[in-house]
Amino acid sequence: PWWILRSRVPGTRLRDYLALLRLRFAKPGTSVEACLGGTALYRRLLEPLAVSGLNTQAGEALASLMWAVVEGSLLRGGAACVPLVPKIGLSESFIDPAIAWLAARGGTLRTASRVSSLTIRDHRVVALQLPGAEVLLAPGDGVVMATPPWVAAELTPGLSVPDRFESIVNIHFRFDAEPGRAGFIGLVGGTAEWIFIKPGIVSVTISAANRLLAKPPEDIAALVWQDIEKTLDIVAPMPAMRVVKEKRATFAATAANEAKRPNAIIGLSHFAVAGDFTATGLPATIEGAIRSGQTAAKALCAFAA
């Protein structure tokens, strides 16, 4: 992390960065704010990073999960902090290639076929119950249950899962703006947190947004548009917009929820649980979801060995 010697957050001192080590040695249950709060570094970098990375307000967000974010980014230097932005969209980047990979190997994707229950005999799933149908599993088949945590709890009674959630609100405006070098801007002290600029569209993301769920979409958009005008140095009437509220975007990264995250293996043979809510050591991020999938795949390979 030698960039700290050359390029620091405005208003910070070199010794402020030593406070990052407090995350590593924080007592169980300590929040990010209790661990780091009170400095310019916290207000201008670490608090916004905690809110976006853990999708939880820093006063509740778990310091140990924040350490996982810091260790994998800031402490590895600038090259590890370069953002990856999809050229088109997440579907084209992740979903479509995965479906094509499965199809090329004989796999079949069935949508609109929600699994209502699992038939379990002798500690093994032998059938999937669908509305009006049953899918029988062969002796060599394995099952990865990759569902939201509340669905996982319904399918496997007794499974401990996080049960408190935080929302994310996204607002999309039909507007042309100069993208700048990065294509996005982080804000401190506004309603908007991140402004993403693409051809013909300016999008805003607000994490840990439970406080906004009751507000009408028009009111949220008006607040955010004020931030956009100030940030982009423009004066313009609010254009056509769309507000998307994802009410249970991720589990809240609190100590209580962390204790409820399940392992990939839960006592059933040839069965694994996957999802960013499992015990990955990371907060609810794409990286955590990928890690959980790798863990589940390794577990099924071990069962088959």
Side-chain angles (χ1 to χ4, degrees), residues 53-54 62 64-65 67-69 71-73 76 80 84 86 90-130 133-163 249-251 253 257-305:
L54 278 65
L62 201 56
S64 60
L65 291 177
W67 170 252
V69 173
E71 186 181 33
S73 56
R76 294 192 179 187
L84 299 178
L90 292 176
S91 295
E92 292 82 359
S93 300
F94 292 108
I95 308 303
D96 295 346
I99 294 173
W101 190 92
L102 291 171
R105 289 157 179 79
T108 302
L109 176 67
R110 293 179 59 175
T111 59
S113 301
R114 178 167 180 164
V115 177
S116 58
S117 64
L118 307 174
T119 301
I120 301 173
R121 296 195 190 100
D122 298 325
H123 303 288
R124 184 163 182 170
V125 176
V126 296
L128 311 177
Q129 302 301 327
L130 281 62
E134 181 180 57
V135 177
L136 299 176
L137 301 183
D141 289 341
V143 176
V144 176
M145 181 175 65
T147 68
W150 55 90
V151 176
E154 291 176 3
L155 293 176
T156 52
L159 180 68
S160 172
V161 298
D163 54 11
T250 73
F251 66 87
N257 264 345
E258 181 67 12
K260 297 175 183 177
R261 298 175 74 177
N263 292 317
I265 304 302
I266 61 171
L268 297 176
S269 180
H270 293 76
F271 184 90
V273 182
D276 62 13
F277 68 92
T278 59
T280 64
L282 296 174
T285 58
I286 289 178
E287 292 85 354
I290 292 171
R291 181 180 290 185
S292 79
Q294 294 171 336
T295 300
K298 291 177 181 177
L300 291 191
C301 289
F303 279 125

Can you measure from [atom1] ([X]) to [atom2] ([Y]) and round to the nearest 0.5 angstrom?
X: Ser269; Y: His123; atom1: OG; atom2: NE2; result: 10.0 Å
X: Met145; Y: Ile266; atom1: CE; atom2: CD1; result: 5.0 Å
X: Ser116; Y: Glu154; atom1: OG; atom2: CD; result: 10.5 Å

[X] side chain near [Y] side chain, heavy-atom distance below 4.5 Å:
X: Thr119; Y: Gln129; value: yes
X: Thr250; Y: Pro283; value: no
X: Leu102; Y: Leu109; value: no

Distance-only, no hydrogens or angles: does the [X] side chain make a donor-acceptor pair with backbone N or O of [Y] under 3.5 Å?
X: Thr295; Y: Arg291; answer: yes
X: Ser160; Y: Lys260; answer: yes
X: Ser113; Y: Thr111; answer: yes
X: Ser93; Y: Leu90; answer: no
X: Asp163; Y: Asn257; answer: no

- Task: Test Arg110 against Val135 for side-chain contact (heavy atoms from CB on, under 4.5 Å), laying out the working first.
- Result: CA-CA 12 Å; Arg110 293 179 59 175; Val135 177; 3.9 Å; yes

How close do [X] and [Y] get, heavy atom to heavy atom, and via which atoms?
X: Asn263; Y: Ala279; result: OD1-CB, 3.7 Å
X: Ser292; Y: Gly275; result: OG-N, 2.9 Å
X: Leu300; Y: Phe271; result: CD2-N, 3.8 Å
X: Leu159; Y: Pro262; result: CD1-CB, 3.7 Å
X: Ile265; Y: Ala272; result: CD1-CB, 4.3 Å
X: Asp276; Y: Ala289; result: CB-N, 4.0 Å

- Query: Can you find a side-chain donor-acceptor pair between Thr280 and Arg261 that sits under 3.5 Å?
  - Reply: yes

- Message: Would Glu287 and Thr285 count as a side-chain contact (heavy atoms from CB on, under 4.5 Å) here? Give the steps.
- Response: CA-CA 5 Å; Glu287 292 85 354; Thr285 58; 3.4 Å; yes

- Message: Can you list everything that forms a salt bridge (charged side-chain N to carboxylate O under 4.0 Å, His left out) with Arg121? Sequence neighbours excluded, please.
- Response: none

- Query: Which is it for Val126 and Ile120 under the side-chain contact (heavy atoms from CB on, under 4.5 Å) test, yes or no, and what are the steps along the way?
  - Reply: CA-CA 6 Å; Val126 296; Ile120 301 173; over 6 Å; no

